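Below you'll find the structure I mean.
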Amino acid sequence: MKEIEQLIAISRMYGCDSRYVIAGGGNTSYKNDETLWVKASGSALATITENGFAVLDRKKLNVISEKTYSNDTAIREEEVKNDLAVACLTKDRRPSVETSMHNAMKAGFVVHLHPTVVNGLMCGQNAATETARLFGDEAVYIPYTDPGYTLFKEVENKIVAYRKAYGKEPSVLLLQNHGIFVGADSIEEVEAIYTRVIRTIEQAASVSLETESVDIPDCAQEIIPAIRMMLGKQGLKTLKIRNNRRIAGFASSEKEFAKVSVPFSPDVIVYCKSKYIYIDAGIENPDALLAEAGKAIEGYVRENGYTPKVMLIKGIGLVAVGDNAAGCDTILDVYEDMMKIAEIAQSFGGEHPMTRAQIDFIDNWEVENYRRKVSAGAASGRVENKTIIVTGAAQGFGEGIARCLIKEGANIVVADLNETVGVATAESLNSEAKSNRAIFIKTNVSDAESLRRLIHETVCHFGGLDVFISNAGVLRAGGLEEMTPETFEFVTKINYNAYFYCTQAASRVMKLQNKYAPGNYGDIIQINSKSGLRGSKANFAYAGGKFGGIGLTQSFALELAPFGIKVNAICPGNFYEGPLWSNPENGLFLQYLQAGKVPGAKTIEDVRRFYMNQVPMRKGTSPEDVTKAALYLIEQTCETGQAIPVTGGQVMLN
């Protein structure tokens with residue numbers, strides 16, 4: 001059906017544009033005389049397909065307009081919901097609560113959005129008079145009304161009055177503290193109306209929504225992981241920081257924060273709750289700031305029964321507190337959008353937040369609780385919501401381990417020098433993620449400054465660090481006569497020295513987390529090698545570094561145990577399918593053939609067969625095998641200083 005294809009096209013166009021839609025909000029519809037197609041609850045406009053629309057019988061839907069319902073709010077909304085269900089032809093799709101408003105407008109296409117610019121006007125103190133001044137009889141202004149049946153009847157009455165007054169159908173409905181409905185009989189006309197409305201408000205407001213980013217200070221590493229632990233008593237949280245000139249301005253004082261301290265619209269309540277924490281102790285003294293944060297969080301939870309979603313910290317920025325990483329992104333987008341709306345509203349009499357009664361209605365409304373539940377996502381993995389750095393994760397063993405862990409719910413930091421491959425790997429991991437996320441951070445594990453940036457960016461994106469997997473390594477085969485001092489030092493620096501650098505950097509955050517949550521455990525895991533358990537002919541540089549790594553593991557374990565940090569090593573056998581072994585240009589099969597490490601071998605296949613015959617299980621060690629060992633180490637609380645062989649029986653402990 002051509003019209004449905006057009007409906008999908010305009011839905012996606014606006015749904016992909018954050019100026020119009022944030023967090024999957026808004027809804028669209030098409031109708032003919034008999035049937036109405038409207039976005040189903042839980043569908044996102046940006047990716048919607050035909051299956052994302054609920055289909056309703058308009059004859060049955062019209063009953064809602066004619067019927068008399070209970071005066072009791074809860075009973076009435078339940079009765080309306082049941083009548084919506086009766087009218088719905090697609091029983092597996094819950095129609096939008098705003099379906100009846102779509103039905104009330106006679107236009108074929110109706111597009112309801114929450115554009116930042118429009119809400120800047122609708123959340124202004126002078127919204128009614130400014131709407132009349134800017135749009136005259138082109139738009140119908142709807143004063144704030146509680147969502148649901150009450151809002152529908154208010155909209156319906158306003159439309160009827162408009163028809164009587166002007167003898168035509170309204171094409172624009174502007175809802176105070178809510179958004180805009182545009183109706184027309186073609187998607188081209190809908191788009192033209194939106195363009196005209198946006199341009200008119202922009203010219204009246206003269207406010208730029210562009211902003212300049214602001215660096216997040218290094219002291220965030222000393223503050224945010226501790227706050228994450230304070231907030232984690234009801235379950236491990238993900239935190240994410242955003243800072244720019246706009247955010248810094250609203251975080252600069254109590255007076256500026258007051259402008260965004262109360263929600264402007266129902267969507268803000270759904271995703272950010274209705275109360276927010278502001279901390280202005282100053283970042284010069286992290287201990288004092290954390291003391292203030294602790295009191296604020298404790299008081300907030302005591303008063304509300306749940307943890308905050310939004311914290312604004314002077315000198316650091318906007319901190320989202322999410323049940324998962326996807327939730328953090330939504331919180332940041334929605335709350336910063338409220339800041340933009342507050343700026344625009346200054347041109348229309350100043351900001352006009354919702355009242356406490358209006359906020360309480362949304363907090364208790366069944367439909368919004370349903371939306372909140374849908375947006376939260378479901379936990380399912382063995383490392384759900386843990387933040388895990390995997391070094392050398394752009395490809396090979398590290399990439400395989402990261403891929404296994406993201407399927408188990410972890411937030412993954414791909415730390416690698418290879419930026420091109422690393423970025424692609426992070427994108428690929430995100431395609432398999434649910435509510436968790438993967439990011440790439442360019443990292444040189446042998447450079448202390450690079451590792452400092454790695455930890456800083458990890459804290460800024462996820463709020464802390466739970467597991468550090470030191471996987472990055474190099475191998476240069478060669479006997480005593482072939483090995484140069486430069487090659488030996490290079491291999492040792494990456495395989496041995498860098499493990500120390502990584503542990504030093506990672507343990508600082510983990511110690512801080514344990515200080516504020518003594519029952520919390522951190523994990524540092526070195527991906528060692530079977531060559532760390534026994535010598536390796538013509539491979540002494542690699543084996544020596546790995547042997548040393550086990551010594552470091554045991555020593556680090558003793559030092560860090562009092563801080564709840566477990567330090568262990570996993571010693572895999574050979575991952576024959578990975579690039580380390582199979583790269584046709586410099587893989588180990590080729591290196592070992594050229595070095596004469598396998599007596600009598602004339603081809604790469606000879607070398608492969610020689611090594612496979614040494615494994616009792618007759619299989620190479622895969623990333624999945626290693627990940628199972630890593631998950632064991634993370635989940636248990638009584639193993640530290642261990643070197644666990646995962647070799648198919650090739651190396652067995654005495």
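The structure displayed is predicted, hence computed values, not measured ones.
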query: Are the aromatic rings of Y335 and Y276 close, with centres under 6.0 Å apart?
result: yes
message: Counting only heavy atoms from other residues, nucleotides and ligands, does the tally under 6.0 Å from CD of E254 exceed 12?
response: yes
Taking only distance into account, with no hydrogens and no angle test, what donor-acceptor pairs under 3.5 Å do side-chain atoms of residues 243-252 form with protein atoms, sequence neighbours excluded?
from : atom 1 : to   : atom 2 : distance (Å)
N243 : ND2    : I316 : O      : 3.2
N244 : OD1    : R246 : N      : 3.1
N244 : OD1    : I247 : N      : 2.8
N244 : ND2    : E336 : OE2    : 2.9
R246 : NE     : E343 : OE1    : 3.0
R246 : NE     : E343 : OE2    : 3.3
R246 : NH1    : E336 : OE2    : 3.4
R246 : NH2    : L209 : O      : 3.1
R246 : NH2    : E343 : OE1    : 3.4
S252 : OG     : G249 : O      : 2.6

message: Between E79 and K67, does any NZ, NE, NH1 or NH2 come within less than 4.0 Å of an OD or OE carboxylate oxygen?
response: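 Answer for the salt bridge query: no.
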- prompt: Angle class for the F109/Y30 ring planes (parallel below 30°, perpendicular above 60°, tilted otherwise)?
  reply: tilted
- prompt: Is a side-chain donor-acceptor pair under 3.5 Å present for K237 with N385?
  reply: no
message: By the side chain to side chain donor-acceptor pair (under 3.5 Å) test, which pairs, at least two apart or in different chains, include something from residues 213-227?
response: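 Pairs touching residues 213-227 that pass the test: D218-R452.
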Contacts of Y20 that satisfy ring-ring contact (aromatic ring centres under 6.0 Å, His included) - sequence neighbours left out: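 ring-ring contact (aromatic ring centres under 6.0 Å, His included) list for Y20, sorted by chain: Y14.
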Partner residues of E156 under the salt bridge (Lys or Arg N to Asp or Glu O under 4.0 Å) criterion, sequence neighbours left out: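 K153.
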Name each donor-acceptor pair under 3.5 Å that joins a side chain in residues 120-129 to protein atoms two or more places apart or in another chain, with its distance.
from : atom 1 : to   : atom 2 : distance (Å)
Q125 : NE2    : E351 : O      : 3.0
T129 : OG1    : N126 : O      : 3.2

- prompt: Which of parallel (below 30°), tilted (30 to 60°) and perpendicular (above 60°) describes Y162 and Y166?
  reply: tilted
message: Donor-acceptor check, side chain of E292 to backbone of A288, threshold 3.5 angstrom: yes or no?
response: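 The answer is no, because no donor-acceptor pair under 3.5 Å joins these two groups.
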query: Does a side-chain N-to-carboxylate-O contact under 4.0 Å join E130 and R133?
result: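 Looking at E130 and R133, the cut-off is met.
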task: State whether E78 and K81 are salt-bridged, where the test is any N-O pair (Lys NZ or Arg NE/NH1/NH2 against Asp/Glu carboxylate O) under 4.0 Å.
output: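 A salt bridge links E78 with K81.
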Whether over 12 other heavy atoms sit under 6.0 Å from R19 CZ: no
- request: Determine whether the side chains of S96 and S41 contain a donor N or O and an acceptor N or O closer than 3.5 Å.
  value: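 No, no side-chain donor-acceptor pair sits under 3.5 Å.
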- prompt: If you look at every heavy atom in K31 and N103, which pair is closest and at what distance?
  reply: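 That would be CE-O, 4.0 Å.
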message: Using a strict threshold of under 4.0 Å (side-chain N to carboxylate O), is an ion pair present between D329 and R242?
response: no
- request: Tell me, yes or no, whether the heavy-atom count around K255 atom NZ, taken from other residues, nucleotides or ligands under 6.0 Å, exceeds 12.
  value: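 Atom NZ in K255 is not packed in, count stays at 12 or less.
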query: Would H456 and H461 count as a close aromatic pair, with their ring centres under 6.0 Å?
result: no
- prompt: For the side chain of D337 and the backbone of D333, is there at least one donor-acceptor N/O pair under 3.5 Å apart?
  reply: no
message: Test of understanding: with side-chain hydrogen bond (donor to acceptor under 3.5 Å, both in side chains), list the residues that count as partners of R163, not counting sequence neighbours.
response: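 Partners of R163 under the side-chain hydrogen bond (donor to acceptor under 3.5 Å, both in side chains) test: E169.
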Ring-ring centroid check Y144 H352, cutoff 6.0 Å: no
- request: Quick one: do D360 and T355 satisfy side chain to side chain contact (heavy atoms under 4.5 Å, CB included)? Show the steps, please.
  value: CA-CA 9 Å; D360 290 344; T355 67; over 6 Å; no
